[in-house]
Amino acid sequence: MKTVLEFKARKGQGRISMSTAYAHWEARWLAASPVDCVLVGDSVATVVDGEPTTFAATPEVMARHTAAVARGLGGSKFIIADFPFLAARKGIVPAVDCATLLMRAGAHAVKIEGIDGHEDVIRHLVESGVPVIIHLGLTPQSVNALGGYKVQGKTEAAAEEIITQARTAEAAGACGVVLECVPSEVAQIITVALAIPVIGIGAGPHTDGQVLVFHDLLGLNLGFAPRFVRTFAEAGATVTAGLSAYAAAVADGSFPSAKESY
Ligand code: KIV
């Protein structure tokens, strides 16, 4: 999948797989995989930089990582880059500046958290030729307002609010929705209601696709295991074994061998 048209055409035509990537080599691994598309998430702040929240990501940071990922993918996949903390809240001109940085860096679409209060910004970006995906449910940039990283939409009223937001996103021209940590039933209602793809993370099995963080799905996260993560490979164990073998070979003098020397 390389374009937003292919992304949208997959609605109802087979589930979409999406992984995050932040760096060149992650992108090279993804380029060689059947994963459909790649999100340069603002989770770069937590996963790569070890920050407690995603707030430290800036448009410049996102653009730098988007460029590294785009080089690694070499045109092989549809790339979505995150609008970082408050980048959609400063008005149309700063939002256009942020989109300019991300699209010039190689993104094919941007993802914006939330919809309330920035419908105009979203409409303007879409009318300007920038495909926009809206992230709803647990929006990590609002962690303080939400009182923590908690499942959203658990009451009828809260579920109704997310369903309305999803419809508003589609009406504003969004090309997709990411739904994070909402009950499966709510995600199913939204997936059926919208004509655009709905990608879930902690949103159950009924969405049009799934997204996971690269390090989580490969077991590179040293035990960070929210309920919605499945570890598809124990890459962390392989890394640990490799590092131990390297240190031991250096310590016992078996590395480098004559063959590995000039
Ligand atoms: O930044 C991120 O990683 C995300 C998720 C949806 C995985 O937004």
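Just follow the structure's listing: the first ligand is 1, and inside any ligand the first atom is 1. Heads up: numbering here begins at 1 and tracks the sequence. The analysis underlying the following values was restricted to heavy atoms, covering all of them including side chains, and did not include hydrogens, waters or symmetry mates.
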Enumerate the pairs of nitrogen or oxygen atoms, one from ligand 1 and one from the protein, separated by less than 3.5 angstrom; state names and distance to 0.1 Å.
unit_1	atom_1	unit_2	atom_2	d
ligand 1	1 (O)	Asp42	N	3.3
ligand 1	1 (O)	Asp42	OD1	3.1
ligand 1	1 (O)	Ser43	N	3.1
ligand 1	1 (O)	Ser43	OG	3.1
ligand 1	1 (O)	Asp82	OD2	3.2
ligand 1	3 (O)	Ser43	OG	2.5
ligand 1	8 (O)	Lys111	NZ	2.8

Is it possible for you to say whether Ile80 and Val48 belong to one hydrophobic cluster, with membership spreading through side-chain heavy-atom contacts below 4.5 Å? yes
Going by salt bridge (Lys or Arg N to Asp or Glu O under 4.0 Å), name the residues that satisfy it together with Arg28, two or more places apart in sequence or in a different chain. none
Please determine whether residues Leu138 and Ile190 belong to a single hydrophobic cluster, defined as Ile, Leu, Val, Met, Phe, Trp and Tyr linked transitively by side-chain heavy-atom distances below 4.5 Å. no
Can you list every pair that meets salt bridge (Lys or Arg N to Asp or Glu O under 4.0 Å) and has a residue in residues 127-156, with sequence neighbours left out? none
Polar side chain donor-acceptor pair, Thr168 to Gln165, under 3.5 angstrom: no
Tabulate below the donor-acceptor pairs under 3.5 Å that side-chain atoms of residues 241-252 make, not counting sequence neighbours, or state none.
unit_1	atom_1	unit_2	atom_2	d
Ser244	OG	Thr240	O	2.9
Asp252	OD1	Ser254	N	2.8
Asp252	OD1	Ser254	OG	2.7

